[in-house]
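Beneath this line is the structure, given in structure tokens, with notes to follow.
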Amino acid sequence: MKVTYTPEDGDEQVFDYNPNTLLSAEREALERRTGRAFKEFAMGVLKGDSLCRRALLHVLLKRQHPTINFDDVDFCWDELTIEMTKGEIDLAVERLREKNGDDAMIEAMLKGYEEAPESQGKARLPFAV
């Protein structure tokens, strides 16, 4: 997944986000901050949960700016986009259907399918397993 942060008063920053390759300390920080198990957090990011997305941006920015505090991360909703590739959508929909998953989530993912970029290399699941 691609996370793009475009602050009004700064430069665009693009992050490659794979929930399965976050460091354990990062995952634990996200769980503490959101009060959710990591799998729930990862689905919250996809569903557009504000706290989950803010916590994710904080972790991604902290890699470049180790002293940044959570309270320093505040953005307008249109300054942050999360984009899945077609391959990620295909895998996610397949997994959700196997588990009799969230039909609304599947529908939302498929709605953006035509505009989604093609996968570069092997597609990964956009949520934690």
Any donor-acceptor pair under 3.5 Å from Glu79 side chain to Glu8 backbone: yes
Lys2 backbone acceptor or donor facing Glu83 side chain under 3.5 Å: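 The answer is no, because no donor-acceptor pair under 3.5 Å joins these two groups.
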For Glu114, all residues meeting side chain to side chain contact (heavy atoms under 4.5 Å, CB included), sequence neighbours excluded: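 Side chain to side chain contact (heavy atoms under 4.5 Å, CB included) check on Glu114 returns nothing, list empty.
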Closest non-hydrogen atom pair, [X] against [Y]:
X     : Y     : answer
Glu88 : Met84 : OE1-CA, 3.2 Å
Leu60 : Phe15 : O-CE2, 3.7 Å
Tyr5  : Asp74 : OH-O, 4.2 Å
Arg27 : Phe38 : NH2-CD2, 3.1 Å
Pro19 : Met1  : CD-CE, 4.4 Å
Thr4  : Thr6  : CG2-OG1, 3.7 Å

CZ-CG distance between Phe41 and Leu30, expressed to the nearest 0.5 angstrom: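 Here the interatomic distance stands at 4.0 Å.
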Glu115 atom CD, over 12 foreign heavy atoms within 6.0 Å: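 Count over threshold, so yes.
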Expected list for residues 42-59: side-chain donor-acceptor pairs under 3.5 angstrom, two or more places apart:
from, atom 1, to, atom 2, distance (Å)
Lys47, NZ, Asp102, OD2, 3.1
Asp49, OD1, Leu51, N, 3.1
Asp49, OD1, Cys52, N, 2.8
Asp49, OD2, Arg36, NH1, 3.4
Asp49, OD2, Arg36, NH2, 2.8
Arg53, NE, Val45, O, 2.8
Arg53, NH2, Val45, O, 3.0
Arg54, NE, Val73, O, 2.6
Arg54, NH2, Phe70, O, 3.3
Arg54, NH2, Val73, O, 3.1
His58, NE2, Ile68, O, 3.2
His58, NE2, Phe70, N, 3.2

Shared hydrophobic cluster for Val3 and Trp77 (ILVMFWY, side-chain gaps under 4.5 Å):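 Same cluster.
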Same apolar cluster (I L V M F W Y, side chains within < 4.5 Å links), Val14/Phe75: no
Validation row: Asp72, Leu61 side chains within 4.5 angstrom (heavy atoms): no
Salt bridge present between Lys62 and Glu26 (N-O < 4.0 angstrom): no
